[in-house]
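Read through the structure below, which is laid out as C-alpha cells, and then see the notes.
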Amino acid sequence: MDRASFYEQVYQVTRLVPKGRVTSYGAIASYLGTKGSSRMVGYAMASSHQISPPVPAHRVVNRNGVLTGKFHFGSLTAMEDLLAKEDVKVLDDKIVDFKNKFWDPAAELDLEK
DNA sequence: ATGTTGACTTGGA
DNA sequence: GTCCAAGCCAACA
C-alpha cells in the first residue's frame, strides 16, 4: 500500500464499495488513516475519470449524503442515474435513507481486527 | 522548495 | 434547526 499513491489507495477503497451502498469522503479518508485529508479523497476522485479500472465515484458522497460531485460527471443527472440503477434513491441531490445505505470501509472491511 | 487548489469536515454563533 | 469560518493534507505548477 505504501507504494500506491494516496490517490490509488482512494481508488481501490472506492471500488470496494458494494453495489447499492454509498460511503463518504471522510470515511475513506479515515480508513486510509488521513482523516484530515478528506478533501484529498474527493480531489482524487476528480482524477478518477480517466484511470482504469473505472472507479464507482457515484457511490461516494459527502457526510451529508449529498451528491456534491455530481457536477463532475459531465451530466448533472449521470450520478443520480447511476445510483438509481443500484437501488439507491436520490431525492434533491441527496441519498434517500443514506444512513441505512452508508458503507463504512473501516467498519465493514475491519482489517484492523 | 513554495504556493495554490480542492467531489470535505467540524465546530462555533 | 441553519449559516459562516477555519483546518486539514496531498498532488500539481
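Atom CD in A/Gln9 sits about 14 Å away from atom C1' in C/dA11, given to the nearest Å. Computed from coordinates, the A/Phe6 CZ to B/dT5 P distance equals 20 Å when rounded to whole Å. Whole-Å rounding puts the A/His72 NE2 to B/dA7 C1' distance at 5 Å. At whole-Å resolution of the value, CG in A/Leu83 and C1' in B/dA7 are 13 Å apart. Taking atom CD1 of A/Ile28 as the reference point, atom C1' of C/dA10 lies 15 Å away to the nearest angstrom. Distance, A/Met79 CE to B/dA7 C1': 8 Å, rounded to whole Å. Across the protein-nucleic acid pair, A/Leu76 atom CG and B/dA7 atom C1' stand 13 Å apart, rounded to whole Å. In this structure, A/Asn64 atom CG and C/dG1 atom P are separated by 10 Å, rounded to whole Å.
A heavy-atom distance below 4.5 Å is found between the side chains of A/Met45 and A/Tyr11. A 4.5 Å side-chain heavy-atom check between A/Leu83 and A/Leu67 finds at least one atom pair inside the cut-off. For the pair A/Lys94 and A/Asn64, the minimum side-chain heavy-atom distance is 4.5 Å or more. Looking at heavy atoms from C-beta onward, A/Val10 lies out of side-chain contact with A/Tyr43 at the 4.5 angstrom threshold.
Using modelled atom types, no side-chain atom of A/Thr14 and backbone atom of A/Ala57 make a donor-acceptor pair closer than 3.5 Å. No donor-acceptor pair under 3.5 Å is formed between the side chain of A/His72 and the backbone N or O of A/His49. Checking side-chain atoms of A/Ser24 against main-chain N and O of A/Ala27 turns up a donor-acceptor pair under 3.5 Å.
Residue A/Tyr25 is classed as a base contact, given a heavy-atom separation below 4.0 Å to a base. Contacts of A/His58 with the nucleic acid, taken as non-hydrogen atoms under 4.0 Å apart, are absent. No engagement by A/Ala29 is indicated, since no non-hydrogen atom pair under 4.0 Å with the nucleic acid exists. Contact annotation for A/Phe71: no contact, since no heavy-atom pair falls under 4.0 Å across all strands.
Contact check of residues 87-101 of chain A against DNA chain B (heavy atom, cut-off under 4.0 Å) returns no residues at all.
B/dT2 and C/dA13 make up a base pair, with Watson-Crick or G-U wobble contacts both under 3.5 Å.
Picking from B/dA7, C/dA11, B/dT9 the nucleotide with the shortest atom distance to the side chain of A/Ser48 gives B/dA7. The side chain of A/Phe73 lies closest to B/dA7 when the candidates are C/dA11, B/dA7, B/dT9. Among the nucleotides B/dA7, B/dT9, C/dA11, the one closest to any side-chain atom of A/Ser5 is C/dA11. Listed candidates were C/dA11, B/dA7, C/dC8. Nearest to the side chain of A/Arg39 is C/dC8. Closest approach to the A/His49 side chain among B/dA7, C/dA11, B/dC8 is made by B/dA7 (side chain taken as heavy atoms from C-beta onward).
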Nucleotides 10-13 of chain B: which of its N/O atoms have a protein N/O under 3.5 Å away?
residue, atom, partner, partner atom, Å
B/dT10, OP2, A/Arg63, NE, 3.4

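A salt bridge links A/Arg59 with A/Glu86: the closest approach of a Lys/Arg side-chain nitrogen to an acidic carboxylate oxygen falls below 4.0 angstrom.
Residues passing the side chain to side chain donor-acceptor pair (under 3.5 Å) test with A/Asp92: none are found, sequence neighbours excluded.
Residues A/Ser47 and A/Ser38 each lie close to DNA chain C; by heavy-atom proximity, the contact nearer the 5' end of the strand is made by A/Ser38.
A side-chain contact (heavy atoms from CB on, under 4.5 Å) with A/Thr68 is found for one member of A/Val60, A/Val61, A/Asn62 and no other, namely A/Asn62.
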